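Here the structure is a predicted model, which means the values were calculated and not measured.
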Amino acid sequence: VVDHLGLVKSTTQKPRTIELGDITDELATIAKDFNIAVVVLCQLNRSLESRDNKRPELHDLRNSGEIEENAACVLGLYRPAYYLEKTKHDDMAKELDRKEQLKKIENDYEVHVLKQRNGPLGEVKLSCHMPTNSIGNKGRY
């Protein structure tokens, strides 16, 4: 697990987007050579904050071109409660409704399969059990 790609440094003097392409290419080679999964965390661009739909898309990856190209699978994580927590209402009825809805989804997560070389794209809904920090299928907790 590489936490996170932006912290990996290269010894070359190439532009950062090319460096990241080299790094992700090497990580893909390691995965193939050792027959292991390599998980790389990567930041998203801030541009998604300006969209109404905040669910991650492939082009939201920072310096995405090279990362997209080299990755066998790209997953985007989304927590609906994060944005609902930020949205407050002056109208008391709307605010009470928001708080009620927040309680229902506060532990919900979505995993979006944005790229998968040998499989389908789609979405998986998960829940987190906070006392044990366990993640499972939505409705399990």
ask   = Step by step, would you call Ile67 with Cys42 a side-chain contact (heavy atoms from CB on, under 4.5 Å)?
value = CA-CA 9 Å; Ile67 298 167; Cys42 179; 3.7 Å; yes
Salt bridge or not between [X] and [Y]? Use side-chain N to carboxylate O under 4.0 Å.
X      : Y      : answer
Arg55  : Glu110 : yes
Glu106 : Lys104 : no
Arg16  : Glu19  : yes
Glu95  : Arg98  : yes

inquiry  = Before you tell me yes or no, could you show the steps for Leu121 and Leu114 under side-chain contact (heavy atoms from CB on, under 4.5 Å), namely the whole-Å CA-CA distance, both residues' side-chain angles and the distance that decides it to 0.1 Å?
reply    = CA-CA 6 Å; Leu121 304 182; Leu114 304 173; 5.9 Å; no
Partners meeting salt bridge (charged side-chain N to carboxylate O under 4.0 Å, His left out) with Asp108 (sequence neighbours left out) = Lys138
request  = Verify side-chain contact (heavy atoms from CB on, under 4.5 Å) between Lys125 and Asn137, making sure each step is shown before the conclusion.
outcome  = CA-CA 6 Å; Lys125 294 193 182 264; Asn137 290 335; over 6 Å; no
request  = Would you please classify the geometry between the Tyr78 ring and the Tyr83 ring as parallel, tilted or perpendicular, with 30° and 60° separating the classes?
outcome  = parallel
message = For the CZ atom on Arg46, are there more than 12 heavy atoms of other groups (residues, nucleotides or ligands in this structure) within a distance under 6.0 Å?
response = no
query = How far apart are the C-alpha atoms of Cys128 and Asn133, what are their side-chain angles, what is the distance that settles it, and do they pass the side-chain contact (heavy atoms from CB on, under 4.5 Å) test?
reply = CA-CA 6 Å; Cys128 182; Asn133 207 19; 3.8 Å; yes
note = side chain to side chain donor-acceptor pair (under 3.5 Å) filter on Glu85, not counting sequence neighbours, yields none
